[in-house]
There are 2 protein chains.
Amino acid sequence: MNYSKITIGNEPRVELHDSLKLTGAEVSVNALPAGASVPFVHSHKNNEEIYAVIEGKGHAVIDGETVSLSAGDWLRIAPKAKRQFFAAADDGIKYICIQVKENSLEGYTMTDAVV
Amino acid sequence: MNYSKITIGNEPRVELHDSLKLTGAEVSVNALPAGASVPFVHSHKNNEEIYAVIEGKGHAVIDGETVSLSAGDWLRIAPKAKRQFFAAADDGIKYICIQVKENSLEGYTMTDAVV
């Protein structure tokens with residue numbers, strides 16, 4: 001079979017790599033309630049992270065800089081950057097995090113597609 | 001600077017690779033109004049595609065099989081699969097498409113993170 005499908009609900013965190021049989025990315029869907037944060041700062045050895053804010057608002061602290069976040073915002077964060085995510089005091093935040101190996105993409109769209 | 005940020009609205013299609021300076025993925029955000037479809041079938045040479053349905057409903061046809069789609073559904077599609085996406089007759093569909101090179105991910109999360 002050339003595809004896999006799953007349906008997710010309102011879980012606080014879902015990791016998709018194993019359930020979707022991903023081979024080029026790990027993807028997680030995350031929800032933080034108002035006033036909450038990821039309880040640690042982290043960086044990466046080799047992976048670029050791409051974040052999409054789907055609902056709500058909050059902020060990230062990236063290498064000590066505060067970056068405001070609300071629905072419709074997208075971030076690309078380099079592996080070595082130190083990052084931490086926070087929901088707003090008065091609103092939760094739901095976001096997707098995509099981990100991919102930095103510099104791994106070769107062709108894409110018109111140079112990789114066959115129509 | 002170790003990050004980039006953009007904000008997107010309700011455009012029919014936004015491609016993020018260049019604006020976010022992505023190196024491991026291409027990501028697009030797509031909206032099809034009720035009754036519309038992507039006007040072609042396509043496959044890929046090397047890239048796995050990961051689709052997330054954010055709003056609405058519709059279906060995909062993957063290698064001739066119809067797969068129903070609604071908000072909360074995620075798909076992983078192998079490069080060679082022939083695919084086409086459709087909004088429902090009575091509802092639009094908004095989805096994210098992530099292109100990554102198949103088999104490019106090495107470590108992730110606990111094996112790539114530094115806490």
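Since this is a predicted model, take the numbers as computed values, not measurements. Order of the sequence lines fixes the chain letters, A, B, ..., with proteins taken first and strands second; residue numbering starts at 1 for each chain.
- Contacts of A/Glu65 with chain B are made by side-chain atoms alone, with heavy-atom separations under 4.5 Å and no backbone atom involved.
- Only the side chain of A/Val29 comes within less than 4.5 Å of a heavy atom in chain B; its backbone stays farther off.
- Between B/Phe85 and B/Tyr95, the two ring planes are parallel [angle under 30°; tilted spans 30° to 60°].
- If you measure heavy-atom distances from B/Leu75 to chain A, the contacts under 4.5 Å come from both the backbone and the side chain.
- Interface residue A/Val115: backbone and side-chain heavy atoms are both found under 4.5 Å from chain B.
- By the 4.0 Å N-to-carboxylate-O rule, B/Asp112 lies too far from A/Lys101 to be salt-bridged with it.
- Residue contact with chain B, scored on non-hydrogen atoms closer than 4.5 Å, involves the side chain of A/Val27 exclusively.
- Ranked by non-hydrogen atom pairs under 4.5 Å with chain A, the options B/Thr111, B/Asn47, B/Val100 are led by B/Asn47.
- Side-chain contact between A/Leu16 and A/Leu22 is present, with at least one heavy-atom pair separated by less than 4.5 Å.
- If you tally non-hydrogen atom pairs under 4.5 Å between each of B/Gly107, B/Gly24, B/Ser104 and chain A, the highest count goes to B/Gly24.
- Follow the hydrophobic side-chain contacts under 4.5 Å out from A/Ile54 and you reach A/Trp74 in the same cluster.
- Proximity to chain B (any heavy atom under 4.5 Å) is restricted, for A/Ile62, to the side chain, taken from C-beta onward.
- Chain A forms the most heavy-atom pairs under 4.5 Å with one residue out of B/Glu48, B/His42, B/Glu26, and that residue is B/Glu48.
- Only the side chain of A/Asp63 comes within contact range of chain B, with heavy atoms under 4.5 Å apart.
- Between chain A and the options B/Arg76, B/Lys82, B/Glu106, the largest number of non-hydrogen pairs under 4.5 Å is found for B/Arg76.
- A/Phe40 touches chain B through its side chain: at least one heavy atom from C-beta onward sits under 4.5 Å away, while N, CA, C and O do not.
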